[in-house]
Amino acid sequence: MAGKQSDGLHARIHAVVRRIPRGRVASYGQVARLAGLASQARLVGYAMAALPDGTSVPWHRVVNAQGRVSPRATPGYDSLQRALLEREGVRFDASDRIDLARHGWQPRTRTQR
DNA sequence: TTTATGGCTGTCA
DNA sequence: ATGACAGCCATAA
């Protein structure tokens, strides 16, 4: 294991984010929880921020618990995220909000439980 | 090493 | 519904 511990952490987060289907969104907390990092939603955000430009990780499918695109430090990226989501068919509310009940990613079929 | 901040979340007023 | 506080921990200076 010549790697660093953070590699596994990031890999785990990336794996979860990668599992988000197109046209769907997940919250940081949800991703964190699925990655085994319960209550560490921030780390997910940092892991996303650390992603390279040409990443294959659909970071734009990750939004906050309010179903909105979090205002990032870099201006322009927020609109980019929204554009990418709209491009996938995700609709935004008049308050720039996403209907999580409709576009929210559900890794488990809750209807059966 | 310490300090400060951050692509968050949940609870309380 | 909105606004303020605290908690979790990685990354940067």
Side-chain angles (χ1 to χ4, degrees):
Chain A
M1 332 278 256
K4 299 140 192 173
Q5 298 177 346
S6 6
D7 281 325
L9 195 64
H10 278 221
R12 214 148 43 195
I13 295 174
H14 293 171
V16 174
V17 175
R18 242 179 246 236
R19 283 165 54 191
I20 304 176
R22 187 167 167 278
R24 273 226 156 132
V25 296
S27 67
Y28 295 94
Q30 184 173 8
V31 172
R33 187 169 185 166
L34 291 171
L37 304 169
S39 24
Q40 295 184 238
R42 273 181 166 166
L43 302 190
V44 176
Y46 292 127
M48 301 273 101
L51 286 172
D53 287 332
T55 181
S56 50
V57 179
W59 57 272
H60 57 272
R61 290 178 192 152
V62 183
V63 298
N64 60 30
Q66 298 182 338
R68 278 201 265 157
V69 176
S70 293
R72 344 187 234 349
T74 318
Y77 269 60
D78 53 346
S79 53
L80 171 62
Q81 178 170 8
R82 173 166 176 162
L84 288 171
L85 288 176
E86 289 183 316
R87 184 180 165 192
E88 293 187 349
V90 176
R91 294 265 188 117
F92 281 80
D93 188 295
S95 308
D96 302 315
R97 234 188 306 165
I98 302 174
D99 186 356
L100 293 180
R102 179 178 153 84
H103 293 289
W105 175 43
Q106 276 143 45
R108 293 180 184 177
T109 314
R110 180 176 299 183
T111 49
Q112 295 186 355
R113 293 201 39 182

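Just so it is clear, the model here is predicted, and its values are computed rather than measured.
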Atom-pair distance ([atom1] on [X]; [atom2] on [N]), nearest Å:
{"X": "A:Met48", "N": "B:dG7", "atom1": "CE", "atom2": "P", "answer": "12 Å"}
{"X": "A:Tyr28", "N": "C:dA10", "atom1": "OH", "atom2": "C1'", "answer": "16 Å"}
{"X": "A:Ile98", "N": "B:dG7", "atom1": "CD1", "atom2": "C1'", "answer": "13 Å"}
{"X": "A:Leu37", "N": "B:dT9", "atom1": "CG", "atom2": "C1'", "answer": "14 Å"}
{"X": "A:His10", "N": "C:dA10", "atom1": "NE2", "atom2": "P", "answer": "10 Å"}
{"X": "A:Asp96", "N": "C:dT2", "atom1": "CG", "atom2": "C1'", "answer": "16 Å"}
{"X": "A:Leu51", "N": "B:dG7", "atom1": "CG", "atom2": "C1'", "answer": "11 Å"}

CZ of A:Phe92: more than 12 outside heavy atoms within 6.0 angstrom?
yes
How about A:Arg82: does its CZ atom have over 12 heavy atoms from other parts shown lying under 6.0 Å from it?
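Atom CZ in A:Arg82 is crowded, with more than 12 foreign heavy atoms closer than 6.0 Å.
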Backbone N or O of A:Asp96 within a donor-acceptor pair of the A:Arg68 side chain at under 3.5 Å?
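Checking the backbone N and O of A:Asp96 against the side chain of A:Arg68, no donor-acceptor pair under 3.5 Å is found.
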Under the 3.5 Å Watson-Crick or G-U criterion, the dot-bracket string of DNA chain B, with | for inter-strand pairs
.|||||.||||||
Please assess A:Arg12 against A:Leu37 for the test side chain to side chain contact (heavy atoms under 4.5 Å, CB included), listing each intermediate value before the final yes or no.
CA-CA 9 Å; A:Arg12 214 148 43 195; A:Leu37 304 169; 4.2 Å; yes
Side chains of [X] and [Y] in contact at under 4.5 Å (non-hydrogen atoms):
{"X": "A:Val57", "Y": "A:Ile13", "answer": "no"}
{"X": "A:Asp99", "Y": "A:Asp93", "answer": "no"}
{"X": "A:Val44", "Y": "A:Val16", "answer": "no"}
{"X": "A:Val17", "Y": "A:Met48", "answer": "yes"}

Taking all non-hydrogen atoms of both residues, which atom of A:Trp105 and which atom of A:Gln30 are closest, and how far apart?
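Nearest heavy atoms, A:Trp105 then A:Gln30: O-NE2, 3.0 Å.
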Out of A:Arg22, A:Arg61, A:Arg24, which one pairs with A:Glu88 under the side chain to side chain donor-acceptor pair (under 3.5 Å) rule?
A:Arg61
Set out, line by line, the N/O atom pairs under 3.5 Å between protein and nucleotides 6-9 of chain C.
| from | atom 1 | to | atom 2 | distance (Å) |
| --- | --- | --- | --- | --- |
| C:dG7 | O6 | A:Arg42 | NH2 | 3.2 |
| C:dC8 | N3 | A:Arg42 | NH1 | 3.1 |
| C:dC8 | N4 | A:Arg42 | NH1 | 3.0 |

Would you say A:Leu100 ends up clustered with A:Tyr28 if hydrophobic residues are merged whenever their side chains have heavy atoms under 4.5 Å apart, either directly or through other cluster members?
no
Under 4.0 Å between any heavy atoms, over every strand shown, what does A:Val69 touch: base, sugar-phosphate, or nothing? Just pick one.
nothing
Output one line per pair: protein atom, nucleotide atom from nucleotides 10-13 of chain B, and distance, for all N/O pairs under 3.5 Å.
none

